[in-house]
*Asks:* 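Please see the structure below; I have some questions.
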Amino acid sequence: MRVHIVAVGRLRAGPQKDLIDDYLQRLDRTGRGLSLGPARVVEVDDRKASGMAAEADLLRRAIPDHSVTVVLDERGRVESSPDFANRIAAWRDAGRSDLTFIIGGADGIAPELRAQADFSLSFGKMVWPHMLVRVMLAEQLYRAASILAGAPYHRV
């Protein structure tokens, strides 16, 4: 199952990008034998600053057809890492070939796009900067692959 992170905004070189690249490389290595990955980041940029609706259109265009879509949203469900790993495995085992995570811009994700998603995931009730959400998501994707592989990275 291919993994796509579709996010509003461009991430410049720096510590966040280095962390994301590192965790996604780890995911690719660990996930290969699990039919999980490769992972890619697709950045969309609404330079006209037309708001959430315009961003939603750009995000929608970046989602592969028939992909499981997950929005990152503070109103979403909070899950443990093992539950998240099991959710991903269930989608993979159901024959889904693409999994897309959507990260909105500063104003969040348009309500219509949130409503169309298969799942809404939260990293807690706090609102996180979208660049940090990318790092946290990349790490959790690698952690999920490690859990599914039975590796010792995740400790309870």
*Asks:* So which atom in R143 and which in S81 form the shortest heavy-atom distance, rounded to 0.1 Å?
*Replies:*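 It is CD-OG, 3.4 Å.
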*Asks:* Over all heavy atoms of both residues, which pair between L27 and A145 is shortest? Give the atoms and the distance, please.
*Replies:*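 Heavy-atom minimum between the residues: CD1-CB, 3.7 Å.
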*Asks:* Just so I know, are the side chains of L141 and I88 near enough to count as touching, which here means a heavy-atom distance under 4.5 Å?
*Replies:*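 Yes - at least one pair of side-chain heavy atoms lies under 4.5 Å apart.
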*Asks:* Please say whether the positively charged group of R87, taken as NZ for Lys or CZ for Arg, lies over the ring of F119, i.e. under 6.0 angstrom from the six-membered ring centre and within 45 degrees of the axis.
*Replies:* yes
*Asks:* Between atom OH of Y23 and atom CD of E139, what is the distance when rounded to the nearest 0.5 Å?
*Replies:*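 Those atoms lie 5.0 Å apart.
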*Asks:* Would you check, one step at a time, whether the test side-chain hydrogen bond (donor to acceptor under 3.5 Å, both in side chains) holds for D98 with H4?
*Replies:* CA-CA 7 Å; D98 289 282; H4 314 271; 2.6 Å; yes
*Asks:* Is there a path from M126 to V78 through hydrophobic residues (I, L, V, M, F, W, Y) whose side chains come within less than 4.5 Å of each other?
*Replies:*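 No; tracing contacts between hydrophobic side chains, which count when under 4.5 Å, never links both residues.
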*Asks:* Taking all atoms of both residues into account, what is the closest heavy-atom pair of G76 and S120, and its distance?
*Replies:*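 Closest approach of G76 to S120: CA-OG, 3.2 Å.
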*Asks:* Thinking salt bridges, do R134 and E43 make one under a 4.0 Å N-O criterion?
*Replies:*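 Salt bridge present between R134 and E43.
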*Asks:* So, for Y142 and T30, which heavy atoms are closest and what is the spacing to 0.1 Å?
*Replies:* CE1-OG1, 3.4 Å
*Asks:* Quick one: does any side-chain atom of R77 pair with a main-chain N or O of L121 as donor and acceptor, under 3.5 Å?
*Replies:*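 Not at all, since once roles are kept as given, no pair shorter than 3.5 Å links the two residues.
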*Asks:* Once rounded to the nearest 0.5 Å, what's the spacing between atom OG1 of T69 and atom CG of D118?
*Replies:* 4.0 Å
*Asks:* Quick one, L113 with I102, criterion side chain to side chain contact (heavy atoms under 4.5 Å, CB included). Give me CA distance, side-chain angles, the key distance, then yes/no.
*Replies:* CA-CA 9 Å; L113 184 54; I102 301 169; 4.3 Å; yes
*Asks:* Just how far is it from atom CD1 of I5 to atom OG1 of T100, taken to the nearest 0.5 Å?
*Replies:* 10.0 Å
*Asks:* With rounding to the nearest 0.5 Å, note down the distance linking CG in L19 to CE in M131.
*Replies:* 14.0 Å
*Asks:* Kindly indicate, with the supporting measurements, whether the criterion side chain to side chain contact (heavy atoms under 4.5 Å, CB included) is fulfilled by V8 and D45.
*Replies:* CA-CA 6 Å; V8 173; D45 198 4; 5.7 Å; no
*Asks:* Determine whether a donor-acceptor pair (N or O, by modelled atom type, separation under 3.5 Å) exists between the side chain of N86 and the backbone of P82.
*Replies:* yes
*Asks:* Quick one: does E74's side chain get under 4.5 Å of F123's, heavy atoms only?
*Replies:* no
*Asks:* Using the side chain to side chain contact (heavy atoms under 4.5 Å, CB included) rule, take S97 and R2 through it: C-alpha gap first, then chi angles, then the decisive distance, then the call.
*Replies:* CA-CA 6 Å; S97 59; R2 294 175 297 269; 3.8 Å; yes
*Asks:* For G37 versus V3, what's the shortest heavy-atom pair and its separation?
*Replies:* N-CG2, 4.3 Å
*Asks:* Does the side chain of W91 reach to within under 4.5 Å of the side chain of V70, using non-hydrogen atoms?
*Replies:* yes
*Asks:* Would you indicate whether the side-chain heavy atoms of R92 and L148 approach each other to under 4.5 Å?
*Replies:* yes
*Asks:* Find the distance between CD1 (I103) and CG (D73) and round it off to the nearest 0.5 Å.
*Replies:* 12.0 Å
*Asks:* Can you tell me how far apart CG (L36) and CG (L99) are? Round to the nearest 0.5 Å.
*Replies:*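 The distance works out to 8.0 Å.
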*Asks:* Would you mind checking if R26 and D22 are paired as a salt bridge, meaning a charged N to carboxylate O distance below 4.0 Å?
*Replies:* yes
*Asks:* Which heavy-atom pair separates W128 from V133 by the least distance, and what is that distance?
*Replies:*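 Answer, listing the atom of W128 first, then V133: CB-CG2, 3.5 Å.
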*Asks:* Answer with yes or no whether the hydrophobic clustering places V42 together with M52; edges join I, L, V, M, F, W, Y residues whose side-chain heavy atoms lie under 4.5 Å apart.
*Replies:*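 Unlinked, V42 and M52 end up in two clusters.
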*Asks:* Could you walk me through whether V41 and D21 pass the side chain to side chain contact (heavy atoms under 4.5 Å, CB included) check?
*Replies:* CA-CA 10 Å; V41 176; D21 291 345; over 6 Å; no
